[in-house]
Every structure is written in structure tokens, then in C-alpha cells.
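Scroll down for the structure; my scribbles are underneath it.
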Amino acid sequence: QQTGSRRIFIMGVVQWLLLAAIAGAHASAAALNSTLPHRFHGSRPNFLILFADDWGYGDLGANWPETRETPHMDALARRGMRFTDMHSMSVCTPARAALLTGRLGLRTGVVTNFQEDSLYGLPTTERTLADILKQGNYSTGIIGKWHLGHRPPYHPSFRGFDFYVGLPYSVDMGCVNSFNVNSPPEKPCPFDPHAQIEIPALPLYMSLASNCSGASNCNANIVAQPVDLTTLAERYSAAAKTFLQRHAPGNSLDDQPFLLYMPFSHVHVPLSHSPRFTHKSARNTTFGDTLLELDDTIGQILGYLKEFHLEDNTLVVLAGDNGPWQVKCDLAGSVGPFVGDFQKRLGGGSTGKMTTWEGGHRVVGVAAWPHHIPAGVTSPALVSTMDIVPTFAALAGVRLPRDRRFDGVDISPVLFDNEIITPGREYLFHPGCFGEASGDLDAARFGSYKAHFASFGAAGCNETMSIRLQHDPPIIFDLSTDPGESQPLFAPPPELVAGFQNALARKLADIRNDFRSVANYTGGGQEAWPCCNPRNVGCRCFD
């Protein structure tokens, strides 16, 4: 199975190299450079986004000394700026939509996860970061988990990406036959052709040009189903090497800047890794071994930047999509100090992934760019993954769409001047993920103060989900003295309470008056599954 899959994978990469060379008509950068901030004239950066899955704030050694499996990522933090107050959404699909659009789910329509049989995805009325950077002649690639729709026109090859190697959604949304650990254990893909299955085998896509192959379903771009999870990190590293090498000096795309977006599946359950990492982590657990493989893979990719002389002109961002999925007990990561103690008195449950407690959305954040972003800086600035779109657009010298508003802001002054107050941001809102209320703005930040308008505890380790409680007036914590949200302010100043309430009203009015998209979550059953071989059980192919 591995030999056949690998041969197809390598042939596909070679095909992409030829296509890229043939199609390599390069637009002049002179006009684009004229729109760049003065300090960056003549040096439009490349962009590399490293985005880990279910990766808690405490799962980076630079954030939490108990974590010792991240030496390469810790070194990246020392070479750049480490954020202690970076935020994402609190669950998979909305986090990816927010990063790629710079907009909240109430604007994009994406407020919960798409499924294996979803007929739709991120609305086509939304512009992705890849679409936006195409205005500046950027080469664009995604290697990893997409989770924004796997069928045309939602597949990444229709959303601005020239190159795609990866999974359509989370690793627990398809059966596999390779080593993996989950609780409860995953059911393997059956070999019995008469077996009844609930989900298809987990597919690996490779799309080497815009608009996928495979008629109306992109199925012709599936190169392995089920994918071997123990070799997935190796495949991603090889694909990244191929993509980056094309931009090395002297190669066919050396004068074309790039965006490479790498949303890893590590450390989402089921956990899996190459056998060479077994029992190699400091904590000697499956989670630790999987985290160690993630760090090793990122180390390889950063090494390619150096090997191909791209490091000095590449802005690297390292972040997580949401907090750890604590219902998985010792297979989940760490929230660090952001434990959400007050929820224990409100009804219990997890305060990690899916919640608006800090452990659900405060994530790892690192940015590095030699000679531009100061090294060894720890920034307390309040920043968000939604800031990536406006910041990258400004550095690339391209315009954001003018027919809509963005929730992210350009954080260039934070990155390059070490500003600790994020310009253009007074409040930052955190959407919830609770049934029909998913996407509602349940919490907000103002300086060190955090208000909860509603809250709940997700299903946790041996804990059930709590009910969702409305707070009117909002409960307010001072995170500067209480990062664990253990005790709300007894009598917060009336002007602080009113400020939060008025800010929420203004935000909702702004969203109502803005361009908004509508996401369609309709499923199509087995006919909508990604499937490279519908005649075989689970769509198995290349076995």
C-alpha cells in the first residue's frame, strides 16, 4: 500500500513542478512594491503559517516549562516574538474560516464544523487569504487539514490555492488501518465488502492546480484512502520541501513570493506518529510522542527555509486553532494557567476546546522574520489569528475587499515596533460553540478585563457538558491578576460594565449592517462522501 501510494504521490509532485514551470509567467513587482509600507519597499515577504490542531497554550515549552517536547518551536520563539495573549476561535472549522478571512463567524456564516457528507463549505462570497494575495502574484499552497468543504467550489483548489496536499477534515472523521490512539478506540476500516460503515475511510488529497480533478466531487485528486497516519507527517514535510524548493534562488518561481499555509492534524485525536517517535518524548506518552513528531516536522520545514535561502524574507507565524479537547483525558494537551476555575462552581465541565473560557481560545502565538521582527521578545499585546489577513495584505501591498468589514486588524506596529497596545482594537470578541447559539459573541476582552455574557462547560474528562448560562450583567474577570478565571469582580465599576455592554451592541449592529455570507450545512449522505473507489467498502483504494 505504501509503495503504490508513495509512487503516486511522487509522480504528482513531479507533475506539479512541470505545471509550475510551464505556467511561470511572473508579473512585475514594481507597481506592487509601491504600495508597501516604506520600510519594506523591495522586499515583499513570503508567508508561512504553521497551524496546529487542538494544541493548548501549555503545549509549547516556551509558554509552559513542564512541556519539553517542543525544542524546534521553542527555538523559533527565541528567534522572534512570542505572544502571551493570542486568540483563535474555540473549535476547528470556525477557527480556519476566521484565520483565512479575518472575519467572525457571524459575518462569514461559518459557526460550527462541516461534516464528511457536507455538500457545501465556506461560502464562495467570502474571500480567502490566498484569494487576496493572488492580487500580488503570490504562489499559494496548503498542506494539511482544510475542513472548509471538500467538494467544488469549496475545495481548496477553488479557493485561491495552487497546490494542496492534505486531509479534507479532522482525523477522527474517517476510519484508518494504521496505528492510532483514541478514547474510545477508533473502529478500523473494514475489509469485508459487505460491511456496513458510518463514515468513509480517511482520504488524502493532492491537487496540483486550480480547480480540482474529478468532475463534480474532486475524487480524482484522492491519492490514498485510508491515509496512513504514521507517514502523514513525513508526506507533509516532503510536500513542503517541494513547494519551497521551487522558490529557491535560481529556480523557476524564485521571483514570485509565496503563501504556504500548513494546518497540521497533530495533536487532534486519534493520536498517531511514526514508530521512530515511540517512547521518545520526555513524558513517554502517546500525546508526548505525537507532539514530539509535530515539533520535528516543523523543525524540518524551518530547515528547508534556511537550506533554500528563503529564511531572511519569510514571515513565519506559529499558532493553534483552539484549546485542548479535554474530554480525551490524557490524550489531550494543556491549557497552561488558563483553567477556568469559576466554571466548576457554575456547573462543571471542560473549560478547553469549544468554550469561551481562556483555555478554549487562548492559543500559542509566535511570529518570526529575521531582521524585521525583533528576536527574543515576549509580547503582551492582545492579538488574534484574524489579524493575519489584514497584516499580510498590508505587507504584500494588496488591498482588502472594500465591500465588507474585518474583525482582524493590521498588527504591523506590534510586530515591528513592539507596540503593546494593538492599534485599532479596543475590544476583542470570542464566539461560543453551543448548539443553536454557536457563533454568538459570548465573551469579550478590553485590556486585561474579560466579560462573559454567557458561558458553559464542554464535555470534559469524566465530566458531562453543563448547561449554558446567560449573564446579565456580564461577569467580569481581571486576567492580569486572575488568569485562571477563578473569581469574577465582586463590584466591577459601572462604566466598565456599561463599556462591555455598549461594545457588544455596537459590534452586533456593525455585523447586521455589514456584508454577510450564509453557510449551508446540508449533508448529502454517502453520495457526498469523498470517495476514490465507490465500489469498495469505505471507498478504499491503493491498498
Side-chain angles (χ1 to χ4, degrees), residues 87-91 93-114 120-129 131-132 148-149 154 159 354-356 360-361 382-390 393 399-410 422-446 449-456 468-476 495-522:
H87 299 266
S88 181
M89 304 300 108
S90 62
V91 74
T93 293
R96 287 148 218 284
L99 183 151
L100 288 173
T101 65
R103 288 160 46 91
L104 287 166
L106 289 183
R107 300 187 199 270
T108 66
V110 178
V111 296
T112 190
N113 290 343
F114 293 110
Y120 306 94
L122 175 70
T124 56
T125 46
E126 291 297 317
R127 299 282 304 282
T128 69
L129 176 61
D131 289 326
I132 292 167
L148 293 170
Y154 307 99
R159 306 312 298 264
M354 300 183 182
T355 78
T356 52
H361 53 77
L382 180 61
V383 295
S384 166
T385 54
M386 291 187 294
D387 299 333
I388 289 173
V389 165
R399 296 186 186 279
L400 294 174
R402 296 181 176 182
D403 63 344
R404 64 200 65 195
R405 289 189 279 278
F406 292 82
D407 299 291
V409 298
D410 178 3
T422 305
R425 169 165 293 133
E426 189 176 12
Y427 291 86
L428 177 65
F429 288 87
H430 304 301
C433 183
F434 187 95
E436 293 184 359
S438 292
D440 287 4
L441 305 183
D442 284 353
R445 277 286 300 280
F446 171 72
Y449 295 103
K450 180 178 181 184
H452 285 270
F453 304 101
S455 63
F456 77 101
R468 180 174 181 264
L469 297 176
Q470 299 280 351
H471 305 296
D472 186 14
I475 56 174
I476 299 176
E495 60 272 19
L496 181 63
V497 176
F500 274 114
Q501 292 171 324
N502 293 335
L504 176 61
R506 289 195 303 272
K507 191 70 168 182
L508 293 175
D510 179 74
I511 292 171
R512 283 194 300 271
N513 295 322
D514 187 22
F515 174 88
R516 288 181 291 165
S517 298
V518 177
N520 189 329
Y521 282 91
T522 302

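Heavy-atom basis, side chains included; hydrogens, waters and symmetry copies ignored.
To the nearest 0.5 angstrom, Ile511 atom CD1 is 9.0 Å from Arg103 atom CZ. Considering OG1 of Thr108 and CZ of Phe515, their distance stands at 11.0 Å, rounded to 0.5 Å. Note: Met386 CE to Met89 CE = 4.0 Å, rounded to the nearest 0.5 Å. Between the OG atom in Ser517 and the CZ atom in Arg127 there is a gap of 12.0 Å [rounded to 0.5 Å]. The CG atom of Asn113 sits 7.0 Å away from the CE atom of Met354 when rounded to the nearest 0.5 Å. Here the CG-OG1 distance, from Asp387 to Thr385, works out to 7.5 Å after rounding to the nearest 0.5 Å.
Counting heavy-atom neighbours within 6.0 Å of Glu495 CD, excluding the residue itself, gives a total above 12. Remark: Tyr449 OH is loosely packed, at most 12 non-hydrogen atoms of other residues, nucleotides or ligands lying under 6.0 Å away.
No side-chain heavy atom of Cys433 sits less than 4.5 Å from a side-chain heavy atom of Thr355. Val111 places none of its side-chain heavy atoms less than 4.5 Å from the side chain of Pro431. Looking at heavy atoms from C-beta onward, Asp410 lies out of side-chain contact with Pro423 at the 4.5 angstrom threshold. Contact check for Thr93 versus Leu148: side-chain heavy atoms found under the 4.5 Å cut-off.
The backbone N or O of Ala509 lies less than 3.5 Å from a partner atom in the side chain of Asn513, making a donor-acceptor pair. No donor-acceptor pair closer than 3.5 Å links the side chain of Asp440 to the backbone N or O of Gly432. Side-chain atoms of His452 never come within 3.5 Å of backbone atoms of Ile475 as a donor-acceptor pair (strictly under, hydrogens ignored). Asp514 places a side-chain N or O within 3.5 Å of a backbone atom of Arg405 that can act as its donor or acceptor partner. Of the possible polar contacts, one joining the Arg425 side chain to the Leu382 backbone as a donor-acceptor pair under 3.5 Å is found.
Defined by atom type and a distance below 3.5 Å, a donor-acceptor pair is present between the side-chain atoms of Thr128 and Asp131. Under the 3.5 Å distance criterion, with hydrogens and angles disregarded, no donor-acceptor pair is assigned to the side chains of Thr101 and Glu126. With hydrogens and angles left out, the side-chain atoms of Ser455 and His471 include a donor and acceptor closer than 3.5 Å.
The aromatic rings of Phe114 and Tyr521 sit parallel to each other, their planes meeting at less than 30°, with 60° as the upper class boundary.
Across all non-hydrogen atoms, the minimal contact from Pro474 to Ala451 is CB-CB, 4.0 Å. The two atoms that bring Leu122 and Tyr154 nearest to each other are O-CD2, 3.2 Å, heavy atoms only. Scanning all heavy atoms of the two residues, the minimum distance from Arg468 to Phe456 falls at CA-CB, 3.7 Å.
Listed by chain and residue number, nothing satisfies the salt bridge (Lys or Arg N to Asp or Glu O under 4.0 Å) test with Arg159 (two or more places apart in sequence, or in another chain). In terms of the salt bridge (Lys or Arg N to Asp or Glu O under 4.0 Å) criterion, residue partners of Asp407 (sequence neighbours excluded) are, by chain and number, Arg107, Lys507.
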| request: Walk me through it: do Gln501 and Asp472 pass the test side chain to side chain contact (heavy atoms under 4.5 Å, CB included)? | output: CA-CA 9 Å; Gln501 292 171 324; Asp472 186 14; 3.8 Å; yes

| request: Tell me, with the steps shown, if Thr112 and Val91 meet side chain to side chain contact (heavy atoms under 4.5 Å, CB included). | output: CA-CA 7 Å; Thr112 190; Val91 74; 5.6 Å; no

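Checked against the 6.0 Å centroid criterion, the rings of Phe500 and Tyr427 qualify as a close aromatic pair.
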